[in-house]
Number of protein chains: 2
Amino acid sequence: MTKRKEQFYTARGYEIAAGENALTPSMEDYLEMIYRLSRVNGYTRVNDLAENLNVQPPSVTRMIQKLYDRSLLDYEKYGMIHLTDKGTKLGEYFLDRHNILREFLSLLGVTDDLQRDVETLEHYVSYNNFKVISALVAFMKDNPHFLQEFKKYRKDFLQMEFGKE
Amino acid sequence: MTKRKEQFYTARGYEIAAGENALTPSMEDYLEMIYRLSRVNGYTRVNDLAENLNVQPPSVTRMIQKLYDRSLLDYEKYGMIHLTDKGTKLGEYFLDRHNILREFLSLLGVTDDLQRDVETLEHYVSYNNFKVISALVAFMKDNPHFLQEFKKYRKDFLQMEFGKE
DNA sequence: TAAAAATATTAGTCATAACTAAAAATCAGG
DNA sequence: CCTGATTTTTAGTTATGACTAATATTTTTA
């Protein structure tokens with residue numbers, strides 16, 4: 001049994017390979033935000049989404065239609081946006097993933113651009129990775145000693161390896 | 001001084017905000033691969049890239065032109081592809097980042113789909129995050145007892161939190 | 001060195017998810 | 001209840017990075 005050569009793909013290649021059923025990063029962002037906003041009233045609206053995601057309303061309308069076609073939300077023209085059970089589960093997961101990632105980076109000592117870093121990364125964290133990172137976060141919170149040692153280590157390491165910057 | 005409300009953007013929103021000068025994930029993949037392949041002969045060719053990135057040659061030609069316009073490589077039609085100094089530095093960084101990320105996930109115990117996970121994630125790891133993750137990897141390698149503890153912890157945690165799966 | 005094979009380019013298409021401008025629907029106040 | 005303001009939709013445009021088909025160039029080989 002010869003080891004098959006390791007295959008590489010471009011970022012776009014992986015997106016395409018994921019197929020039509022996979023959610024795109026933008027779809028994930030919308031679901032996550034709909035979930036956030038729905039916690040207030042049980043629903044959200046086109047304009048709220050547009051404002052909170054910093055996009056224009058027409059972009060929201062289009063995306064809502066797409067998510068509707070996938071049965072992730074209920075919607076009628078000019079109406080309210082409600083997540084279906086399926087959409088709710090996904091939204092909740094995306095929010096969890098977001099929060100774990102934020103906690104992870106935060107524990108490691110990332111402070112600058114934390115929000116941006118989390119939002120940029122989150123979509124690309126597979127479920128497998130989400131699980132191990134969750135474990136690491138829990139471990140670090142349960143073992144403050146580990147974290148303390150790491151913080152000392154990090155300081156010297158960054159200085160040595162990357163200089164002042 | 002009131003705290004400005006936390007702003008959210010879609011994945012595409014961040015891409016657009018990054019501006020015209022930023023490299024896209026695909027550009028990064030190409031540079032990383034050109035760097036890899038160039039270590040053999042000092043150069044690479046359109047077909048080699050197409051094969052190794054699993055894309056068609058015309059896609060490579062287009063991308064090469066774009067990277068040429070940014071002075072990241074030297075190229076003449078039908079000729080060899082050489083990275084410029086600027087391109088070399090970037091390619092090297094992307095490869096480092098790739099390897100660190102792989103090591104990180106590997107240490108945490110990710111085995112399934114490791115290659116896919118790394119390639120999917122790497123483009124979205126900011127330089128700041130690269131630095132702290134590098135520190136964490138080094139720390140864990142220097143402190144195998146922590147790693148061992150984590151492995152025990154992880155086993156129970158995953159069982160508890162996520163069940164068998 | 002001429003023909004065949006391999007390699008690379010050009011030209012044109014597609015989907016995604018943004019945008020703007022303009023039209024349509026809904027809602028609120030008098 | 002109708003008019004104006006707000007909200008939402010429709011329609012059409014853009015850039016990215018894939019693709020295929022056809023063409024052009026370079027390299028190999030007979």
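Below, chain A is the first sequence line, B the second, and so on; all start at residue 1.
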Next on the checklist: Between B:Lys77 and D:dT26, is there a contact of a side-chain N or O with OP1 or OP2 at under 4.0 Å?
Outcome noted: no
Next on the checklist: Please report the distance, rounded to the nearest Å, between OH in A:Tyr30 and P in C:dA17.
Outcome noted: 9 Å
Checklist entry - Whole Å only: how far is the CG atom of B:Leu49 from the P atom of D:dG17? => result 15 Å
Item to check | Atom-pair distance (CD on A:Gln56; P on D:dT9), nearest Å | outcome: 14 Å
Checklist entry - Taking the side chain of B:Pro58 as its heavy atoms from C-beta onward, which of D:dT8, C:dA17, D:dA21 lies nearest to it? => result D:dA21
Checklist entry - Rounded to the nearest Å, what distance is computed from the CG atom of residue A:Asn52 to the C1' atom of nucleotide D:dT7? => result 16 Å
Checklist entry - Which one, D:dA18, C:dA8, C:dA18, comes nearest to the side chain of B:Thr61? => result C:dA8
Item to check | Atom-pair distance (CD1 on A:Ile16; C1' on D:dG17), nearest Å | outcome: 8 Å
Checklist entry - Which part of the nucleic acid, if any, lies within reach of B:Tyr75 when heavy atoms closer than 4.0 Å are counted: base, sugar-phosphate only, or nothing? => result sugar-phosphate
Item to check | B:Ser26 side chain near D:dT16 phosphate (N/O to OP1/OP2, under 4.0 Å) | outcome: no
Checklist entry - Using 30° and 60° as the class limits, which term best fits the ring planes of A:Phe139 and B:Phe150: parallel, tilted or perpendicular? => result perpendicular
Next on the checklist: In whole Å, I'd like the distance from the CZ atom of A:Arg12 to the P atom of D:dG17.
Outcome noted: 7 Å
Item to check | Non-hydrogen side-chain atoms of A:Asn128 and A:Lys131 separated by less than 4.5 Å | outcome: yes
Checklist entry - If you draw a 6.0 Å radius around OH in B:Tyr68, do more than 12 non-hydrogen atoms from other residues or ligands fall strictly inside? => result no
Item to check | Nucleotide C:dC27, atom C1' - distance to CE of A:Met80 in whole Å | outcome: 14 Å
Next on the checklist: Can you tell me if A:Asn47 touches the phosphate of D:dT6, counting only side-chain N or O atoms and a distance under 4.0 Å to OP1 or OP2?
Outcome noted: no
Item to check | Residue mapping more 5' on DNA chain D - nearest nucleotide basis, A:Glu76 or B:Met63 | outcome: A:Glu76
Checklist entry - Is B:Gln65 touching bases, backbone alone, or none of the nucleic acid, heavy atoms closer than 4.0 Å? => result sugar-phosphate
Next on the checklist: On DNA chain C, compare the nucleotides closest to A:Arg45 and B:Asp48; which residue's is nearer the 5' end?
Outcome noted: B:Asp48
Next on the checklist: I'd like to know whether CG of B:Asp69 has more than 12 heavy-atom contacts from other residues, nucleotides or ligands below 6.0 angstrom.
Outcome noted: yes
Checklist entry - Looking at B:Arg97, B:Arg102, B:His98, which hits side-chain hydrogen bond (donor to acceptor under 3.5 Å, both in side chains) with B:Glu122? => result B:His98
Checklist entry - How long is the line joining OH of B:Tyr9 and C1' of C:dA17, in whole Å? => result 17 Å
Next on the checklist: Distance check, rounded to the nearest 0.5 Å: A:Glu76 atom CD versus A:His82 atom NE2?
Outcome noted: 9.5 Å
Checklist entry - Think A:Thr10 has a side-chain N or O under 4.0 angstrom from the OP1 or OP2 of D:dG17? => result no
Next on the checklist: Return whichever of A:Tyr78 or A:Thr24 has its heavy-atom-nearest nucleotide of DNA chain C closer to the 5' end.
Outcome noted: A:Thr24
Checklist entry - Any idea which of D:dC19, C:dT9, D:dT9 is nearest the B:Val46 side chain? => result C:dT9
Item to check | Under 3.5 Å on both distances, the Watson-Crick or G-U partner of D:dA30 | outcome: C:dT1
